[in-house]
Amino acid sequence: MPATLRHTLLSFRDLLATFGPFILIAAALLGIAYWVLDPTPPNKVVLATGTAQGAYAEFGKRYAQILQGYGVTVELRATEGAAENLRLLLDPNSGVDIAFMQGGAGERARKEADSLTPADDDEAGLVSLGSLFYEPVWLFYRIDSAQRLLREPALTSLSQLGGWRLNIGAPGSGAPNLMRKLLEANRIDPKTLTLLRKSQTPATVDLLAGDADAVVFASAPEALIVQMLLRTPGIALYDFAQAEAYSRQFPFLTPVTLPRGVVDLASDVPARDVRLLAPTATLLARAGTHPALLQLFIQAARQVHGNAGWFQHKGDFPKAGGTEQPLAKEAERFYANGTPVLQRYLPFWLANLIERMWPVLVTIVAILIPLSRAVPPLYQFRIRSRIFRWYAQLRRVEDAIGQRPVAELLGDLASIEARVEGVTVPLSYADELYSLRSHIQMVGNRLRAAAPTGVA
């Protein structure tokens, strides 16, 4: 092996041996921090949506498609609606991580979930990702039912529903609880109605077949059933003329207007503005859901719900206000600052890793900087000790002059000199190596001077 290469390898070995413990400490601290923070999100998440033909299901498909681009598989869990979604979130064994929730729909579900955990714990265990879209209350009724039961061409007040066959939605959906509040506000005894409890698709079939007089949905207009009923002859949409009054009594309701012609401009559907009531939908998540997943869902929410729609302008949603649960910290940062700066220029996995790890990195650096000051002296000591340890043997030889035979001491000195020839040090320490050799020669001269005649 060439001498230059051998010297280089030996110098590298010295550096590695000196800096090795320092590097191992840094790696151990980073490993512990990575294990504790767990910056890499799971590659699968379960999202509770709603009925197959509902808006929640349609939105869930869009979320799944967006997150698939980040390597996260979204399993869509079909449910009857908001109330069932809440029960699944409160059930630690359900496997559901995130769910759509309708404003005001969870009160009854919370009461039913008291057997799971105390109410205060329920509230503390869920966080909101913000308001996403309006979910108007759609009360569709048969025009011939109004003519038959009211002797009038249209239903003009909820107080006129006595004697009607009204489908208020399947158990587990958000509409039944909401409709009960509206009926109570109008002092309608539920016993005066025939209340049906079918899900959206069979309820719509009953309405079209005449087996039900009216049906209530609480859904975004993207729901296919809603769009179909808006265009169906013989089916009318109830106009909430007292929408403002309802919103004063129920803070979770917002008065909205379905503009004339927004469904079909060419056919002028609807033929006039229709006043509606709308709770606001949100995404709820377990408090323990991985922060990176929450970030992805919030960013996906802007893509899915950020455009203009029938009831909002572009940029109205998603937003921080209008939620019954506290906002997740990731949502607060998103609504305050937008998409994190690093995620605008780096792949999500790398940006997320840096964002999650940088506080720990700063802490580790603060710990290692004082330790690093000890590394140069340790390196210097390691190199110089390779030279200085021969001085101890050289001193023993020198001290033995006059006590041991000169020939024997010369033999020991020759052995030391031969072994020193094999010592290699970096060039910056070569002066000390040459100094050692000169001192060996000096001791040899003393030995030869003290030797009897004839001893070399």
Side-chain angles (χ1 to χ4, degrees), residues 53 134-169 175-176 178-221 223-250 253-279 310-311:
Q53 302 299 322
Y134 289 125
E135 284 191 283
V137 179
W138 308 90
L139 175 53
F140 292 103
Y141 63 92
R142 294 181 61 88
I143 296 176
D144 60 2
S145 293
Q147 295 170 345
R148 174 172 51 85
L149 296 169
L150 304 176
R151 309 299 180 185
E152 295 181 8
L155 177 68
T156 58
S157 172
L158 292 184
S159 60
Q160 298 174 320
L161 286 174
W164 285 52
R165 295 168 298 174
L166 174 64
N167 194 308
I168 60 173
L178 179 56
M179 198 59 193
R180 285 191 187 93
K181 293 178 181 293
L182 299 183
L183 294 177
E184 290 174 4
N186 285 274
R187 293 193 292 275
I188 300 175
D189 186 352
K191 295 179 181 179
T192 64
L193 296 95
T194 301
L195 295 179
L196 308 175
R197 301 297 301 273
K198 294 185 178 181
S199 58
Q200 289 186 0
T201 300
T204 303
V205 172
D206 285 353
L207 180 67
L208 297 178
D211 295 329
D213 300 309
V215 63
V216 176
F217 300 137
S219 174
L224 300 178
I225 288 180
V226 170
Q227 297 193 27
M228 183 270 290
L229 289 176
L230 287 170
R231 294 178 171 86
T232 302
I235 302 298
L237 176 62
Y238 175 69
D239 179 13
F240 282 86
Q242 298 170 304
E244 288 289 345
Y246 281 114
S247 67
R248 300 295 192 275
Q249 187 167 348
F250 302 106
L253 294 176
T254 302
V256 296
T257 300
L258 183 67
R260 175 178 177 175
V262 72
V263 178
D264 190 333
L265 283 171
S267 302
D268 194 24
V269 178
R272 58 184 175 84
D273 288 352
V274 181
R275 291 158 292 187
L276 299 173
L277 288 170
W310 287 3
F311 302 103

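Quick note: numbers below take in every heavy atom, side chains included, and nothing from hydrogens, waters or symmetry partners.
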With side-chain contact (heavy atoms from CB on, under 4.5 Å) as the criterion, how do N167 and V216 come out once you've worked through the C-alpha distance, each side chain's angles and the decisive distance to 0.1 Å? CA-CA 6 Å; N167 194 308; V216 176; over 6 Å; no
Qualifying salt bridge (Lys or Arg N to Asp or Glu O under 4.0 Å) pairs with a residue from residues 182-193, counting only residues at least two apart or across chains: none
Reported [atom1]-to-[atom2] distance for the pair [X] and [Y], which is rounded to 0.5 angstrom:
| X | Y | atom1 | atom2 | value |
| --- | --- | --- | --- | --- |
| Q242 | S247 | CD | OG | 11.5 Å |
| R260 | D268 | CZ | CG | 4.0 Å |
| I235 | F140 | CD1 | CZ | 9.0 Å |
| L207 | S145 | CG | OG | 7.5 Å |
| L230 | L258 | CG | CG | 6.5 Å |
| L193 | M179 | CG | CE | 8.0 Å |

Side chains of [X] and [Y]: does their closest heavy-atom pair fall under 4.5 Å?
| X | Y | value |
| --- | --- | --- |
| L277 | W138 | no |
| T204 | F217 | yes |
| L155 | L139 | yes |
| L178 | P279 | yes |
| L208 | L229 | yes |
| T192 | W164 | no |
| L182 | L158 | yes |

For residues [X] and [Y], report the shortest heavy-atom separation together with the two atoms involved.
| X | Y | value |
| --- | --- | --- |
| E244 | R248 | OE1-NH1, 2.9 Å |
| A236 | I143 | CB-CG1, 3.8 Å |
| P255 | A243 | CB-CB, 3.9 Å |
| Q147 | P153 | CG-CA, 4.2 Å |
| P221 | W310 | CB-CE3, 3.1 Å |

Looking at [Y], is its backbone amide N or carbonyl O close enough to the side chain of [X] to form a donor-acceptor pair, meaning the two atoms are under 3.5 Å apart?
| X | Y | result |
| --- | --- | --- |
| Q227 | L224 | no |
| R142 | A212 | no |
| Q160 | T156 | yes |

Can you list the residues that meet the side-chain contact (heavy atoms from CB on, under 4.5 Å) rule with V269, with sequence neighbours excluded?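 side-chain contact (heavy atoms from CB on, under 4.5 Å) check on V269 returns V263, D264, S267.
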Let me see the working for L149 and D213 under side-chain contact (heavy atoms from CB on, under 4.5 Å), right down to the final yes or no. CA-CA 10 Å; L149 296 169; D213 300 309; 3.9 Å; yes
For the pair R165 and D211, find out whether any cationic side-chain nitrogen is under 4.0 Å from an anionic carboxylate oxygen. no
Strictly below 4.0 Å, N to O, side chains only: are D239 and R275 in salt-bridge contact? yes
Evaluate the ring planes of F240 and Y238, with Trp represented by its six-membered ring, and classify them as parallel (under 30°), tilted (30 to 60°) or perpendicular (over 60°).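 Plane angle over 60°, so perpendicular.
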Dump the intermediate steps for side-chain contact (heavy atoms from CB on, under 4.5 Å) on L237 and Y141, then the final yes or no. CA-CA 7 Å; L237 176 62; Y141 63 92; over 6 Å; no
Would you give me the side-chain donor-acceptor pairs under 3.5 Å for residues 194-202, sequence neighbours excluded?
{"residue": "R197", "atom": "NE", "partner": "G169", "partner atom": "O", "Å": "2.8"}
{"residue": "K198", "atom": "NZ", "partner": "D206", "partner atom": "OD2", "Å": "2.7"}

Pair L276-F311, side-chain contact (heavy atoms from CB on, under 4.5 Å): steps then yes or no: CA-CA 10 Å; L276 299 173; F311 302 103; 3.9 Å; yes
